[in-house]
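The block underneath contains the structure these notes are about, expressed in structure tokens.
Note: hydrogens, waters and symmetry copies are ignored here, and every other heavy atom, side chains too, is used.
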Amino acid sequence: MADKFLTYTKRNDFLVCVDSDGCAMDTMDIKHVKCFGPCMVEEWGLGAWREEILARWNEINLYTMTRGVNRFKGLAKALGEIQARYCEIEGLDSLVQWVGQAPELSNQALEREAAKSGGACLKKALAWSRAVNQSIERLAEDEKNPFPGVREALKRAYQDADIAVVSSANLGAVLDEWDLHGLLEYTDVVLAQDSGSKAYCIRKLMERGYAPGHVLMCGDAPGDLEAANQNGVYFYPILVRQEGKSWEEFRDTGVVRFLEGAYGGEYQQEKTGQFLANLAR
């Protein structure tokens, strides 16, 4: 996990970290609607309550303050509600405990834990996660596109700042999607689910010599804001259902203020307020 951080080369004094799903790539909705939720219903045999369970899954993962939560945290929350409302979920406590304590929430980490404890819910969670990845791979290429303005914004920022993809998604999917649309040429490093939490990734990148006021996290979910706050760096929000407008403002105003040292204070407060209000509706 440390190799990417050790081999990463710093080009500039400024660093922009960018989330992928739902932020740069318009892939979050379709992955949850077509892959995450349906695979959960299938794995746990929840077809009798399919529509209401899928609607609640989307609320948890797309349209409220838990938007963008790690897949296993989202799963534990959803299964907890399902157990309370619909049916027993065997071994749920073991999944909840792992999600709450594990330093790494990935397929590899879950595989090790499931092999060690033998918990039924852990094994099913791993099977679910693998099925999700396979389902995502089967999505048509024309269903996985960047939001309008992403390429232009990254190209502008890349001139004067280092660009790191910091995502909680599957690494292979992130690399494939960014490569398909020619976005990797405007990035310096890609950090995904297997590299650790977003807060950890930002912290490790900062060890390469960036001052806190020279680092900005660009994201669409509360977890992105939290990762920025934990490291004392700036946050720029990509607003749900206003993504194209958000990227246009980032290119024309946000990144300019950031590079000129005028991002903090009133502008940061304004953007954070817009972000929280947008998800609280």
Side-chain angles (χ1 to χ4, degrees), residues 10-29 62-63 65 67-68 145-167 177-178 181-191 198-199 201-202 205-206 209-281:
K10 178 175 177 282
R11 291 186 301 116
N12 296 284
D13 290 332
F14 292 87
L15 171 67
V16 175
C17 301
V18 183
D19 181 39
S20 185
D21 284 10
C23 177
M25 299 298 300
D26 187 9
T27 51
M28 193 165 174
D29 282 24
L62 294 175
Y63 305 124
M65 288 298 292
R67 173 181 172 85
N145 298 297
F147 286 110
V150 169
R151 182 182 178 87
E152 294 79 8
L154 291 178
K155 183 177 181 179
R156 167 63 188 91
Y158 190 74
Q159 296 173 16
D160 301 294
D162 297 341
I163 307 293
V165 180
V166 178
S167 169
E177 290 159 11
W178 283 61
H181 296 283
L183 300 180
L184 287 179
E185 65 179 293
Y186 303 118
T187 67
D188 294 280
V189 64
V190 177
L191 305 171
K198 292 177 181 178
C201 289
I202 294 172
L205 289 169
M206 290 176 70
Y210 302 100
H214 285 190
V215 180
L216 180 147
M217 176 68 198
C218 185
D220 64 292
D224 302 317
L225 173 60
E226 181 181 356
N229 288 341
Q230 286 183 23
N231 287 284
V233 304
Y234 293 130
F235 173 70
Y236 182 85
I238 301 301
L239 302 180
V240 179
R241 301 187 178 97
Q242 301 177 51
E243 293 88 356
K245 181 180 178 181
S246 296
W247 278 109
E248 181 180 0
E249 181 180 340
F250 180 72
R251 182 197 66 206
D252 295 341
T253 304
V255 73
V256 176
R257 281 180 168 268
F258 174 57
L259 294 170
E260 292 179 348
Y263 194 91
E266 184 177 334
Y267 186 72
Q268 175 67 100
Q269 292 173 11
E270 174 191 338
K271 299 312 297 178
T272 302
Q274 290 173 353
F275 171 70
L276 295 175
N278 193 53
L279 282 180
R281 287 186 225 177

Which residue in the set V165, D220, V150, V166 passes side-chain contact (heavy atoms from CB on, under 4.5 Å) when paired with C23? D220
Are the side chains of Y63 and L279 in touch, meaning some heavy atoms are under 4.5 Å apart? no
Spell out, as yes or no, whether a donor-acceptor pair under 3.5 Å connects the side chain of E243 to the backbone of R241. yes
Audit row: E152, R156, side-chain contact (heavy atoms from CB on, under 4.5 Å) steps and yes/no: CA-CA 6 Å; E152 294 79 8; R156 167 63 188 91; over 6 Å; no
Donor-acceptor contacts, no H, no angles, side chain residues 248-256, under 3.5 Å, sequence neighbours left out:
{"from": "E249", "atom 1": "OE1", "to": "K271", "atom 2": "NZ", "distance (Å)": "3.1"}
{"from": "E249", "atom 1": "OE2", "to": "Y267", "atom 2": "OH", "distance (Å)": "2.7"}
{"from": "E249", "atom 1": "OE2", "to": "K271", "atom 2": "NZ", "distance (Å)": "3.1"}

Closest non-hydrogen contact found for V233 with M206 is CG1-SD, 3.7 Å
Does atom NZ of K10 have more than 12 heavy-atom neighbours, drawn from other residues, nucleotides or ligands, at distances under 6.0 Å? yes
Would you say the side chain of V16 lies within less than 4.5 Å of the side chain of Y158, judging by non-hydrogen atoms? no
Closest heavy-atom pair and its distance - A199, A227: N-CB, 3.6 Å
Is there any side-chain hydrogen bond (donor to acceptor under 3.5 Å, both in side chains) pair reaching into residues 15-26, and which pairs are they, with sequence neighbours excluded? D19-K198, S20-W178, D21-T27, D21-K31
With heavy-atom distances below 4.5 Å as the criterion, would you say the side chains of V240 and N278 are in contact? yes
Would you confirm whether R11, through its side chain, and A161, through its main-chain N or O, come within 3.5 Å as a donor-acceptor pair? yes
State, yes or no, whether a side-chain contact exists between C218 and W247 at a heavy-atom distance under 4.5 Å. yes
More than 12 heavy atoms of other residues, nucleotides or ligands under 6.0 Å from CD of Q159: is that the case? yes
Before giving the answer on side-chain contact (heavy atoms from CB on, under 4.5 Å), spell out for K155 and E185 the whole-Å C-alpha distance, their side-chain angles and the decisive distance to 0.1 Å. CA-CA 9 Å; K155 183 177 181 179; E185 65 179 293; over 6 Å; no
Looking at CG of L239 and NZ of K245, how far apart are the two atoms once the value is rounded to the nearest 0.5 Å? 8.5 Å
Close aromatic pair by centroid cut-off 6.0 Å: F235 and F275: yes
Quick check: does any side chain N or O of N231 sit under 3.5 Å from a backbone N or O of A228, one acting as donor and the other as acceptor? no
Quick one: are Y234 and M217 in side-chain contact, heavy atoms under 4.5 Å? no
Rounded to the nearest 0.5 Å, the CZ atom of F147 sits from the OG atom of S246 at a distance of 9.5 Å
Ignoring hydrogens and angles, state whether a donor on the side chain of Y210 or D162 is under 3.5 Å from an acceptor on the partner side chain. yes
Do P146 and R151 make a side-chain contact, defined as non-hydrogen atoms from C-beta onward lying under 4.5 Å apart? no
About how many Å separate CG of D224 and CD1 of I238, when rounded to the nearest 0.5 Å? 10.0 Å
How about I163 and Y186: do any of their side-chain heavy atoms sit closer than 4.5 Å? no
Find the distance between CG (L15) and CG (L205) and round it off to the nearest 0.5 Å. 5.5 Å
Got R67 and M28 here, is their nearest side-chain heavy-atom distance under 4.5 Å? yes
Atom pair CG (L216) and CZ (R257), whose distance is rounded to the nearest 0.5 Å: 12.5 Å
Looking at L259, is its backbone amide N or carbonyl O close enough to the side chain of D160 to form a donor-acceptor pair, meaning the two atoms are under 3.5 Å apart? no
